[in-house]
Protein chains: 2
Amino acid sequence: MIPEFGSSRHGDTAAKNVEDQELKQAGLKVTLPRRKILDILKQPQARHFSAEDISHALYDRGENIALATIYRVLTQFEEVGLVQRHNFEGSSSVFELARGGHHDHVVCVDCGVVKEFYDETIEKRQREIAADLGFEIEDHALIIYGRCNDPECRERKRLAASR
Amino acid sequence: MIPEFGSSRHGDTAAKNVEDQELKQAGLKVTLPRRKILDILKQPQARHFSAEDISHALYDRGENIALATIYRVLTQFEEVGLVQRHNFEGSSSVFELARGGHHDHVVCVDCGVVKEFYDETIEKRQREIAADLGFEIEDHALIIYGRCNDPECRERKRLAASR
DNA sequence: TAGAGAAATGAGAACCTTTTGCATACTGAA
DNA sequence: TTCAGTATGCAAAAGGTTCTCATTTCTCTA
């Protein structure tokens, strides 16, 4: 039961136990698909995944989970607050692990890279505006679309297009 | 050719001429479907339409335009800047006539009513944030979801659900 | 630790919105 | 008025997401 030396990668026993706890605390049964999907969502290289992205990521790991299950699991994760769903421009929803704090997004229209930000000034104004209009805020989405100045942008664009 | 007394409703000759000019100025051929759709978009009672909404509105007027055409026309209108497309939460895009100024939206999660606002403080912060992150702003979408305090909200909700 | 009952999964069909292909109809310039 | 080039209607297709249902997996209890 003690993780052996060199086993510290995804699928790691210790990591699994952590994830099991998270799932249980969220009120969800611990199942293989849920654990694997959570594992993908936690990988540090990326933060925003469409259902397809997750499917591909799993495939790359040699795992295979039905798309229907991925959608179901993501929806459940969203319901219990484990992930947030965003509808960026374009067709499909993207999901990201909820890490407590709210934040908004800047998306590059060329390469699709996503950056996050939080701005209290904006948050405050939103609350004021909603109140002025007689609304009780439930949620909000602020997405800035632009072009990033990253030299790798063009390269990423090419990659994204070839998928 | 002079509009007769009592003819000042949609379909009005004078109004048609105005719309014809708008279409021409936008670089589009004047066709019946385009004129009719523009006419629906201009009606004062509502501002935000999905393709279905437009289809139904046309149907109610005894007109009938293929959904495919409605989508094509809306896309063209968007391309020439006549309308703006928004992706509120939920499945379909909504379109509104572009009347010059940019504005953002507050949407009631119960009845779906949409209110618009413009706030220079938020606009300014967005520009600053984008600049800080090295982005050149192309566009942005800010949607506040909440519950309105309108007594008719419940009634509208019922109506919306029954559609 | 085996077994029952509840819940979750896989596979594919179904759904919904949006797009596309193609034959026909219309628009606008000559 | 004619004609080339577009636009439209219809039906089929596409893309993303959800649903159905038979089968499998979990969890809990005996």
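Per chain, numbering begins at 1; letters A, B, ... match sequence-line order. Hydrogens, waters and symmetry mates play no part in the numbers below; they use all other heavy atoms, side chains included.
- Using a 4.0 Å cut-off between charged nitrogen and carboxylate oxygen, B:Glu19 and B:Arg35 do not count as a salt-bridge pair.
- Annotation: of the two residues near DNA chain C, A:Val73 and B:Glu52, the 5′-most nearest-nucleotide partner is A:Val73.
- As rounded to whole Å, 14 Å separates atom C1' of D:dC19 from atom CG of A:Leu67.
- Residue B:Lys36 contributes atom NZ, which lies 13 Å from atom C1' of D:dG9 at whole-angstrom precision.
- Separating the CD atom of A:Gln76 from the C1' atom of D:dT18 is a distance of 13 Å, rounded to the nearest angstrom.
- For residues 82-97 of chain A, proximity to DNA chain D is found at A:Ser91, A:Ser92, A:Ser93, defined as any non-hydrogen atom under 4.0 angstrom from a strand atom.
- With side-chain heavy atoms closer than 4.5 Å counting as contact, directly or through intermediates, the hydrophobic cluster containing A:Phe88 also holds A:Val94, A:Val107, A:Val109, A:Val114, A:Ile143, A:Tyr145.
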Any N/O pairs under 3.5 Å between the protein and nucleotides 11-14 of chain C? List them or say none.
none

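- A search for salt bridge (charged side-chain N to carboxylate O under 4.0 Å, His left out) contacts involving B:Glu123 returns nothing, not counting sequence neighbours.
- Within the structure, every pair that satisfies the salt bridge (charged side-chain N to carboxylate O under 4.0 Å, His left out) test and touches residues 68-81 of chain B, not counting sequence neighbours, is listed here: B:Glu78-B:Arg85.
- For the residue pair A:Ile137 and A:Ala130, the shortest heavy atom distance occurs at CG1-CB, 3.3 Å.
- Between B:Cys148 and B:Arg156 the shortest side-chain heavy-atom distance falls below 4.5 Å.
- Pairs engaging residues 116-139 of chain A under the ring pair (Phe, Tyr, Trp, His ring centres under 6.0 Å) rule: none recorded [sequence neighbours left out].
- Looking at residues two or more places apart in sequence or on another chain, you find a ring pair (Phe, Tyr, Trp, His ring centres under 6.0 Å) between A:His140 and A:His102.
- The closest side-chain heavy-atom distance from A:Arg99 to A:Arg47 is below 4.5 Å.
- Between B:Gln126 and A:Leu142, some side-chain heavy-atom pair lies under the 4.5 Å cut-off.
- Taking 4.5 Å as the limit, some side-chain heavy atom of B:His48 sits within range of a side-chain heavy atom of B:His105.
- Within the structure, every pair that satisfies the salt bridge (charged side-chain N to carboxylate O under 4.0 Å, His left out) test and touches residues 126-137 of chain A, not counting sequence neighbours, is listed here: A:Glu120-A:Arg127, A:Lys124-A:Glu128, A:Arg125-A:Glu128.
- In this structure, CD1 of B:Ile70 is placed 13 Å from P of C:dT17, rounded to the nearest angstrom.
- For CD of A:Gln43, the number of neighbouring non-hydrogen atoms (other residues, nucleotides, ligands) closer than 6.0 Å is greater than 12.
- Residue pairs meeting the salt bridge (charged side-chain N to carboxylate O under 4.0 Å, His left out) criterion with at least one member in residues 102-113 of chain A, sequence neighbours excluded, are A:Asp110-A:Arg147, A:Asp110-A:Lys157.
- For the atom pair CG of A:Leu82 and CG of A:Leu23, the computed distance is 6.5 Å after rounding to the nearest 0.5 Å.
- Taken over five-pair windows at either terminus, the axes of the helix from C:dT1-D:dA30 to C:dA30-D:dT1 are inclined to one another by 30° (rounded to 10 degrees).
- Rounded to an integer number of Å, the gap from B:Leu23 CG to D:dT6 P is 17 Å.
- Rounded to whole Å, the distance from OH on A:Tyr71 to P on C:dT9 is 16 Å.
- Between A:Ile37 atom CD1 and C:dA8 atom P there is a gap of 13 Å when expressed in whole angstrom units.
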Please list, pair by pair, any protein nitrogen or oxygen found under 3.5 Å from a nitrogen or oxygen in nucleotides 27-30 of chain D.
from, atom 1, to, atom 2, distance (Å)
D:dT27, OP1, A:Val30, N, 3.1
D:dT27, OP1, A:Val30, O, 3.4

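- In this structure, A:Ile65 places its CD1 atom 12 Å from C1' of C:dA8, rounding to the nearest Å.
- Interatomic distance, A:Glu89 CD to B:Ser93 OG, rounded to the nearest 0.5 Å: 9.0 Å.
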Can you pull every protein N or O that's under 3.5 Å from an N or O on nucleotides 12-14 of chain D?
none

